[in-house]
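What follows is a set of notes on a single structure, which appears directly below.
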2 protein chains.
Amino acid sequence: MTTIHEVAAAAGVSISTVSYALSGKRPVSEKTRRRIEDAALRLGYQPDAGARMLAGRRTNIFALTEPLRADTHAPTHMAFVLATAVAARRRGYDILLLTDEQTSEGMNRVAASNLVDAILVLDVAPDDERVAIARTVRTPTIFIGLPDDQRDLTCVDLDFEAAGHLAVDRLADAGYDRVLLLGQTEVSYRKSNFPRRLLRGVQERSTSRDIDLSWTATGSVITDTAAVRASAEAALDDGVRAFIVHAVNDVHEILLDVLAERGLHVGADVAIVSAAASFDTASLPVAVDTIPLVPQDSCELAVEIAVQRLEDPRLPARIHLIPPTYRAAGSVPPPRE
Amino acid sequence: MTTIHEVAAAAGVSISTVSYALSGKRPVSEKTRRRIEDAALRLGYQPDAGARMLAGRRTNIFALTEPLRADTHAPTHMAFVLATAVAARRRGYDILLLTDEQTSEGMNRVAASNLVDAILVLDVAPDDERVAIARTVRTPTIFIGLPDDQRDLTCVDLDFEAAGHLAVDRLADAGYDRVLLLGQTEVSYRKSNFPRRLLRGVQERSTSRDIDLSWTATGSVITDTAAVRASAEAALDDGVRAFIVHAVNDVHEILLDVLAERGLHVGADVAIVSAAASFDTASLPVAVDTIPLVPQDSCELAVEIAVQRLEDPRLPARIHLIPPTYRAAGSVPPPRE
DNA sequence: TTGAAAGCGGTACCAG
DNA sequence: CTGGTACCGCTTTCAA
């Protein structure tokens, strides 16, 4: 294991010069710096993590807490974890996982032992118990998602309400006055925060734009194919020709199946907007206008904020809502007749 | 931030006594120990992670490398990550995530900087590049899965070949002489190691037991519903009444659908054995005999081995194959006529 | 532009 | 059974 001393000896300088040359925190003459970098590279020098933490009071590690609930949608969840890890790594941070039962206990533990520089919170519940912990630990904590009580918290999330507004506006602008919202599962309206926010946005805007809105959950815990199908068919029978879908892959496919069976063409006979989808809607058999929920965006912003907070601890806590964007794909035609 | 000095002061002892009392590495009189524990608890003392790493040359962190490939089945993968985290935590270790591109670079980095005590390798490919790295780093590395070249490696995995044998044996014992194996996706036969091993086990035993075996992949990258359906129907038309399924949830459901459509009853008209399923087959609409792949078992064993290696670094590298178990559920009746 | 040296907060050896 | 203390390897202040 090569230490800073060996590098210093090899380069014929003191260890402090090595430290400064490598960190860049103090100007070092061009040629000694090169000698040091050469030696470091040649010896495969890598600073000892423990020593660095102790002396520098920086661990270069972020904790990521993720309570895996029964209703967690694995692919979506993985996308968030991956996006966080990638974003963190780009800024020089590793991710320490706190899963399951250890989310709360773990937050306290890693904070108290100075194991991490910041804590990122995933899969935020409306009454999340991690909110209380975030308020007591000194470690900067960033929520990716919004709990109900946001006082003094730093949170990052897509602006789901605005996404709801946007979806309705597009349909209203096109001329539709009746819309069916195919939502998330019932449990997610209780255990998560974002489905409600999108729903509220859709409802608000439907009211103000005089849209006759109906909506339905798409299962109790996981997608209920029969229920989704029944809802879609009932709506179609009833003459509804505009849909907002805030749901997983499966639900989109079921809706598209039903439409296909009836010979209805998306973008001609029927309008669809996929709101806050975290999967790639381009993989659907039919092009669909989408207001995407991009895990990379939320996670990168969260990491960015964490880094800023470490650089300037006096930055005030605040809520960061990411404005939704509308990706048109021709699935919202003017209504027939 | 309470340090060991404050605890020592509060308890009226020296810091070394505190250290020993809390680690238990040296006998400490009952009453001083209590005083120390009280003080520690009262002050919310938690040893500084950096200091501990530096002085103790132990980080109490395991790295977990997981290259998330396109064909990674998210739910299964998550089950493994979760199981590893839980097992590690039980032994006092945290998990540092190395995902995606950083798997190889990350292994070298965390090993060279002494950030982790051991590395656990998930999602092992036949020609995994992490094999070479494992051989060069001093950090103990445990593979959860088998690469092709296993020389000098420590690996843990279900004995998929034995699982293949077991599945065939049960069907052969019951009296079947023709079997269809519904396998994994095509890409997984190239990118992973275990599907081949199960296939080989099934083929070997089919030969020795005089079974007429046919088999098919169940899609190229993800489940191809139409293809699975077609395979099942062709086999049934052909008179096959025994199935081994080594696949995800979906494939099981498609097969059960086809059988239901034809009025064939599992456990009466048709035999099914689910081999190496990593999801809970009890959630299927019909009870199915299962040779489960239990992530907890593999991951716990991997963690266990890692801990042992840290305690005794001279333990030899070896392959640990977990014997399969057969969970009967009445889905293998004697053949009709 | 560089070096010397004082910690950072523990662990574990050496004494008593 | 307990205390003193020499490190662990790096960061950073102080001095030159």
Side-chain angles (χ1 to χ4, degrees), chain A residues 1-37 39-40 43-61 92 109-117 138 310, chain B residues 1-37 39-40 43-61 92 109-117 138 310:
Chain A
M1 212 202 46
T2 44
T3 72
I4 197 173
H5 288 94
E6 313 183 40
V7 177
V13 296
S14 72
I15 63 164
S16 59
T17 301
V18 173
S19 179
Y20 285 121
L22 263 28
S23 72
K25 293 192 180 172
R26 184 166 93 172
V28 170
S29 81
E30 180 61 20
K31 60 177 185 301
T32 56
R33 213 204 51 214
R34 300 190 64 87
R35 275 217 314 286
I36 291 171
E37 281 170 355
L43 300 174
Y45 171 67
Q46 199 73 250
D48 179 87
R52 183 174 249 189
M53 288 188 200
L54 183 54
R57 326 19 235 307
R58 276 297 186 85
T59 70
N60 282 299
I61 300 175
R109 188 167 46 77
V110 299
S113 64
N114 301 309
L115 219 194
V116 305
D117 293 334
R138 286 179 301 79
L310 292 173
Chain B
M1 210 204 48
T2 49
T3 73
I4 197 171
H5 289 92
E6 313 183 40
V7 177
V13 296
S14 72
I15 64 163
S16 59
T17 301
V18 173
S19 179
Y20 285 121
L22 263 28
S23 72
K25 293 192 181 174
R26 186 166 90 171
V28 170
S29 83
E30 181 60 20
K31 60 177 184 304
T32 55
R33 213 204 51 216
R34 300 189 66 87
R35 274 216 316 285
I36 291 171
E37 282 170 354
L43 299 174
Y45 171 67
Q46 200 71 250
D48 179 86
R52 184 176 246 187
M53 286 188 201
L54 182 56
R57 5 309 276 309
R58 276 298 187 84
T59 71
N60 283 298
I61 300 175
R109 188 168 46 77
V110 299
S113 64
N114 300 310
L115 220 195
V116 305
D117 293 333
R138 285 183 302 78
L310 292 173

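We name chains A, B, ... by the order of the sequence lines, and we start the count at 1 in each one.
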Length of the line joining M53(B):CE and dC7(D):P, which is rounded to integer Å: 23 Å
Sugar-phosphate, base or nothing in reach of S19(A), heavy atoms under 4.0 Å: base
Euclidean distance, atom CG of residue L22(B) to atom C1' of dA12(C) [Å, nearest integer]: 15 Å
Nearest-angstrom distance from the residue atom CG of L115(B) to P of dG9(D): 15 Å
Worked verdict on V110(B) versus I61(B) for side chain to side chain contact (heavy atoms under 4.5 Å, CB included): CA-CA 10 Å; V110(B) 299; I61(B) 300 175; over 6 Å; no
T17(A) (side chain) and dG3(C) (base): donor-acceptor pair under 3.5 Å: no
Global bending angle along the helix from dT1(C)-dA16(D) to dG16(C)-dC1(D), which compares the axes of five pairs at either end, to 10 degrees: 40°
Between CD1 on residue I4(A) and OG1 on residue T17(A), distance to nearest 0.5 Å: 9.5 Å
Separation of atom CZ in R57(B) from atom C1' in dG10(C), rounded to whole Å: 13 Å
Contact under 4.0 Å: K25(B) side-chain N or O vs dT11(C) OP1/OP2: no
In residues 43-53 of chain B, what donor-acceptor pairs under 3.5 Å come from side-chain atoms, sequence neighbours left out?
residue	atom	partner	partner atom	Å
D48(B)	OD1	N114(A)	ND2	3.0
D48(B)	OD2	G50(B)	N	3.0
D48(B)	OD2	A51(B)	N	2.8

Sugar-phosphate, base or nothing in reach of T32(B), heavy atoms under 4.0 Å: sugar-phosphate
Rounded distance in Å - CD (E30(B)) to C1' (dC1(D)): 13 Å
Sugar-phosphate, base or nothing in reach of S16(A), heavy atoms under 4.0 Å: base
Polar side-chain atom of R33(A) near backbone of A21(A) as donor-acceptor pair, under 3.5 Å: no
Whole-Å gap separating C1' (dG9(D)) and CG (L43(A)): 15 Å
Show me the protein contacts with nucleotides 14-16 of chain C, counting only N or O atoms at under 3.5 Å.
residue	atom	partner	partner atom	Å
dC14(C)	N4	R26(B)	NH1	3.4

Nearest-Å distance for atom pair CD1/P, residues I15(A) and dT11(D): 9 Å
Separation of atom CG in L54(A) from atom P in dC8(D), rounded to whole Å: 13 Å
Side-chain donor/acceptor of E37(A) to backbone N/O of R34(A), under 3.5 Å: no
Position toward the 5' end of DNA chain D (nearest nucleotide), H5(A) or P27(B): P27(B)
Residue A55(A), side-chain atoms from C-beta onward, closest of dC8(D), dG9(C), dG7(C): dG7(C)
Base dG9(C) paired with T3(B) side chain (donor-acceptor, <3.5 Å): no
